[in-house]
Visitor: 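One structure follows; several queries about it will come next.
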Amino acid sequence: MAKGKRVAARASYWRYGAIALFALGASFFAQGAYMQSKAWLAQWLIERAWQQSLAAPGANIPPWYYADTHVVAKLSVPHLALQRFVLAGSSGRNLAFAPTHDEAFGPLGGEGASVIAAHNDTHFAFLRHVQVGDELSLTLRDGRTLSYRIDSKQVVHQSDTQAAAASGLHLVTCYPFNSPVAGTELRLLVSASLISSSSRSTTNA
Amino acid sequence: MLSCPNKVLTALAVSLLCLIFFTPVNASAFSEGQAQLQFSDARGVDVAPGVLLSTRASMQITGLINQVQVTQVFVNRHPFAVNAQYLFPLPSESAVHAMTMKVGERTIVGKIAEKQQAERQYRAAQRAGKRAALVKQQRANMFSSRVANLGPGERVEITLSYQEMIRFRDAELSVRLPMTFTPRYHPRSYAVEELRATANATNNGAQGWLAPKFVEQLAQQQDFIDSSREPLLQLDIEIDFGLQLEQIRTPHYQAQVSNLDFGRYRVQLRDDAMNRDFVLRAKVSPSQQAQAAFFRQTAQSGDYGLLMLLPPSDQFSAQQRLARELIFVIDSSGSMHGSSMDAAKQALFYALDNLDENDSFNIIDFDSSARLFRPQAVAANAFNRADAERFVYQLQADGGTEMAQALDLALDGKTHPNYVRQVVFLTDGSVGNEQALFDLVQRQLVDNRLFTVGIGSAPNGYFMRRAAHVGRGSYTFISDGNEVKTQMQDLFERLQNPALRDVRLSAARAKELSYWPQPLPDLYFGEPLMVAIKLAPQQQDMYIDANTQHGPLRLTMPMHETGQTYPHSEAIARLWARQQIASLLLYNPAEAVRPQVLDLALKHQLLSPFTAFIAVEEVATSTVAQHKEQVANNVASGQRVQRFAQTDGQSLWHLLLGALLMLSTAAWLRRERRQAHG
């Protein structure tokens with residue numbers, strides 16, 4: 001009888017341990033799911049803001065009422081059939097919601113170099129699949145659509161910002177992909193140069 | 001039924017293996033990243049940094065002029081020849097008038113030449129395997145030196161000589177030697193031409209522009225190559241001011257000061273920290289302070305005079321206090337992050353505390369865009385000041401430096417007959433489009449006055465001085481929190497006392513005098529007039545005219561008796577030419593005044609945007625270098641190297657690990673329950 005009790009007690013310790021582990025797993029899962037859903041749900045809200053800002057060029061429309069940023073462009077990759085809405089300013093908070101335009105570099109669609117950065121597990125996870133020669137297109141709020149062709153894909157150090165000095169569009173994300181350790185110092189830099197630019201008259205969508 | 005827990009156990013084992021397996025893989029990628037930082041250029045294209053550079057500077061401060069020799073010692077530690085290049089700052093008003101190159105025991109005197117011609121000579125020497133040196137002015141306070149075909153183990157010294165007027169204000173003399181740069185921000189509205197030039201600054205050949213290359217630990221990096229190297233900076237200053245000085249201070253640097261003789265001092269410094277401007281300040285006791293000093297000398301091209309004049313202080317007092325509107329503009333861009341932002345905020349808190357109840361004020365905060373504290377200036381009552389303090393408190397340093405928008409808001413382009421409108425501009429000036437901003441200031445100034453406050457350990461001094469000159473105000477530097485109080489006190493003294501305006505020089509019975517800078521800046525309380533003049537052979541008495549609060553003021557400089565002869569020949573002539581070049585470039589498009597500037601620069605042997613110093617060996621004795629290397633600049637104190645955003649996410653790992661843990665523990669619990677029941 002006593003022995004049976006001890007066994008039962010030991011079994012319940014194991015059970016508490018398992019429940020604790022389950023809770024830990026649930027919190028990990030929730031955290032991951034939160035990051036993912038934040039990233040993708042925000043894109044949906046930002047798309048709405050994008051439609052509004054096309055209708056009202058020049059107005060900075062926040063995607064949600066307390067946002068301190070605004071949508072600046074739509075990035076599409078035709079052959080992968082995907083599109084991303086880009087926010088202004090590469091702060092950590094903005095990056096959680098969308099690819100962001102790093103304002104320390106040049107303006108989007110300008111003469112110089114412009115940089116868009118995004119997380120490698122959400123919005124820019126696709127960057128591992130793009131190839132040199134692929135086309136990108138960038139639609140700005142003034143209705144212009146710019147086409148770029150990727151001419152280099154390289155891994156650089158985070159401080160090597162000169163690598164993104166050439167005129168064109170540079171997409172940046174952390175490297176390596178799917179690393180379990182945070183804080184890598186390397187970046188995947190996909191550089192594309194302008195091939196054509198079309199100004200399309202925007203209709204109120 | 002038993003297979004289910006087995007599957008779970010397998011999954012658990014796999015997930016653990018994944019963790020164990022992936023972690024070291026990533027760690028090795030990590031250390032590769034570190035290694036890249038140390039041994040090669042981050043792109044892996046360039047050769048490893050193996051060129052050491054140390055700087056020796058000696059200054060002789062005599063009277064109102066500081067004569068400086070800066071020697072850059074390049075040592076090649078590579079087993080092969082390299083073309084070395086280095087980008088360095090000098091004071092924005094410096095007149096660089098000589099260059100020599102020393103290879104071993106041979107000294108080659110550099111020649112001044114038109115810039116493109118010098119570049120051609122340099123490239124030819126490089127191809128021929130001759131050692132050569134080229135020094136150019138890339139921006140007003142950014143210079144580049146290049147050494148061609150520096151052989152393995154070799155040492156080449158480039159010595160530059162420059163002179164500058166010392167700064168004298170509030171009975172304090174100050175000398176500044178910048179050590180590094182704050183990275184420039186190139187805004188959206190930046191002219192296309194310049195942007196292209198910057199974008200193509202890929203360090204190619206003699207022609208291309210250089211972009212500064214920054215490292216965070218320059219001294220450690222050099223230790224790694226040679227632990228017994230010379231200190232990065234050796235500075236020797238001799239002061240012969242002719243007056244007893246009080247408290248010679250060198251903030252942020254530990255210098256040895258010795259008093260040699262009456263009015264003669266020596267300051268020595270050996271340091272490795274090239275991350276902030278060197279500043280020397282010394283007080284002259286007020287009782288000794290001269291109201292005027294005049295030096296003259298005969299140079300090859302004629303007689304020149306240098307005049308320092310401190311207007312009598314009663315000229316600054318106002319009969320009636322005019323109401324003021326103060327507009328504070330604060331830069332909260334990314335380059336201000338850290339100690340600079342803290343210093344700027346402290347300065348603003350000081351200013352808010354010291355506002356008069358009768359004044360009105362407003363605050364403009366800018367980074368990528370500008371924001372107003374209130375749509376209109378408001379009264380400086382306790383309520384508004386407290387509100388403003390909250391506004392300042394919550395400012396965050398991030399984003400770009402779109403300075404034009406802020407200046408546009410601050411300078412309203414209107415006249416203000418009933419009050420004085422003063423704009424106090426706190427920034428590190430890390431902009432690349434200075435000239436466009438000066439044009440904007442000039443256009444919209446009308447009767448506003450612009451006072452610049454340079455914040456940080458390596459602010460853009462050129463911007464501060466020239467913006468204040470064009471804005472008819474004055475400039476101040478605050479390197480960190482410790483300097484806020486004294487510097488802001490001085491600034492408030494200048495803001496509170498009306499200035500002498502429209503200062504002009506003329507001579508009796510003569511045509512116009514040729515004096516520079518022109519127009520002369522407005523004079524604020526405690527500031528002397530400093531002007532270089534070309535004298536006529538029989539110079540008549542000179543008059544200094546200005547408008548004060550009390551009406552016109554005329555001071556006379558009798559010429560027959562005054563004038564000490566200045567020892568260095570050509571020194572004042574050079575200052576005169578340098579001031580003229582600065583004024584010409586400030587108020588005219590560069591291409592329009594190119595012939596005039598080039599002529600002056602060649603005649604007075606001065607470095608300018610259109611000239612360069614070149615020194616070439618007679619015979620080729622080196623191998624033609626196949627590699628090039630740029631010596632890095634240390635990041636300014638309180639700054640970080642510009643980086644790409646951190647964008648790694650572990651959400652997929654969290655999902656995977658979470659799912660595995662949940663599945664495996666759920667399965668185990670289920671099995672336990674089943675066993676207990678069974």
Side-chain angles (χ1 to χ4, degrees), chain A residues 11 14-15 18-19 21-22 24-33 35-36 88-92 95 100 102-104 106-107 110-113 115 117-122 124 156-167 172-174 176 178-187 189, chain B residues 18-19 22-23 25-27 29-30 32-34 36-37 41-43 185-186 188 190 192 195-196 198-202 211 213-216 334 367-368 398-400 641-666 668-669 672 676:
Chain A
W14 277 103
R15 192 169 301 133
I19 289 169
L21 271 181
F22 183 86
L24 185 71
S27 82
F28 270 131
F29 190 83
Q31 204 180 338
M35 299 304 290
Q36 287 287 331
S90 279
S91 65
L95 279 166
T100 59
D102 192 337
E103 289 168 336
E111 288 277 342
V115 170
H119 276 294
N120 65 2
D121 59 338
T122 51
F124 272 5
V156 300
H157 190 260
Q158 60 182 1
S159 64
D160 190 13
T161 51
Q162 278 301 307
S167 177
V172 178
T173 195
C174 276
N178 294 335
S179 157
V181 179
T184 172
E185 295 189 0
L186 300 177
R187 300 289 181 273
L189 179 69
Chain B
C18 280
L19 275 176
F22 271 101
T23 313
V25 164
N26 188 259
F30 229 31
E32 263 169 45
Q34 298 274 356
Q36 268 183 323
L37 199 65
D41 175 74
R43 245 172 297 174
Y185 172 77
H186 297 285
R188 296 149 202 253
Y190 202 31
V192 174
L195 227 165
R196 285 216 181 97
T198 331
N200 295 333
T202 42
K213 179 176 146 187
F214 292 104
V215 295
E216 276 172 13
D367 42 51
S368 303
D398 54 18
V641 175
Q642 193 197 359
R643 287 179 173 163
F644 291 121
Q646 195 68 38
T647 52
D648 52 346
Q650 280 71 46
S651 63
L652 295 176
W653 272 96
H654 287 150
L655 283 173
L656 182 67
L657 185 66
L660 282 172
L661 273 174
M662 283 197 298
L663 275 176
S664 52
T665 49
W668 186 82
L669 281 167
E672 281 292 290

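Labels below follow one simple rule: chain letters A, B, ... track the order of the sequence lines, proteins then strands, and each chain is numbered from 1. Every heavy atom of this structure was used, including side-chain atoms; hydrogens, water molecules and symmetry mates were not.
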Visitor: Under 4.5 Å heavy-atom distance to chain B, tell me which part of A:L21 shows up: side chain, backbone, both or neither.
Guide: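 Contact with chain B: backbone and side chain both.
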Visitor: Go through the atoms of A:A33 and report whether side chain, backbone, both or neither lie under 4.5 Å from a heavy atom of chain B.
Guide: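 Looking at A:A33, backbone and side chain both touch chain B.
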Visitor: Can you tell me how far apart NE2 (A:H119) and CD (B:Q650) are? Round to the nearest 0.5 Å.
Guide: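 Between A:H119 NE2 and B:Q650 CD, I get 9.0 Å after rounding to 0.5 Å.
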Visitor: Which residues pass the ring-ring contact (aromatic ring centres under 6.0 Å, His included) test with A:F28, not counting sequence neighbours?
Guide: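 By the ring-ring contact (aromatic ring centres under 6.0 Å, His included) rule, A:F28 matches B:H654.
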Visitor: How long is the straight-line distance from CE of B:M662 back to CG of A:L24, given to the nearest 0.5 Å?
Guide: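 Taking CG in A:L24 and CE in B:M662, the distance rounds to 10.5 Å.
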Visitor: Would you name the heavy atoms of B:Q646 and A:T184 that are closest together and state the gap between them?
Guide: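 Taking every non-hydrogen atom into account, NE2-O, 2.9 Å.
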Visitor: Atom CD1 in A:I19, atom CH2 in B:W668: separation rounded to 0.5 Å?
Guide: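 Rounded to the nearest 0.5 Å, the CD1-CH2 separation comes to 9.0 Å.
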Visitor: Distance from A:S27 atom OG to B:L657 atom CG, nearest 0.5 Å?
Guide: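 That separation rounds to 9.5 Å.
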Visitor: Would you confirm whether A:D121, through its side chain, and B:S651, through its main-chain N or O, come within 3.5 Å as a donor-acceptor pair?
Guide: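 Flag set: sc A:D121 to bb B:S651 pair under 3.5 Å.
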Visitor: Taking atom CZ of A:R187 and atom CG of B:D648, what is their separation to the nearest 0.5 Å?
Guide: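 These two atoms lie 7.0 Å from each other.
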Visitor: For A:L189 and B:F644, which heavy atoms make the closest approach, and how far apart are they?
Guide: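 The answer is CD1-CZ, 4.3 Å.
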Visitor: Chain B: which of A:A26, A:G92, A:A117 shares the most heavy-atom pairs with it under 4.5 Å?
Guide: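 Looking at each of A:A26, A:G92, A:A117 in turn, A:A26 comes out on top.
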Visitor: Applying side chain to side chain donor-acceptor pair (under 3.5 Å), name anything that partners A:N120, two or more places apart in sequence or on another chain.
Guide: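 Counting only residues at least two positions away or on another chain, A:N120 forms no side chain to side chain donor-acceptor pair (under 3.5 Å).
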Visitor: To check you understand the geometry: which heavy-atom pair defines the closest contact between B:A645 and A:S90, and what is its length?
Guide: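 It is CB-CB, 4.3 Å.
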Visitor: How many angstroms lie between atom CG of B:L660 and atom CZ of A:F29, to the nearest 0.5 angstrom?
Guide: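 Atom-to-atom, B:L660:CG and A:F29:CZ are 10.5 Å apart.
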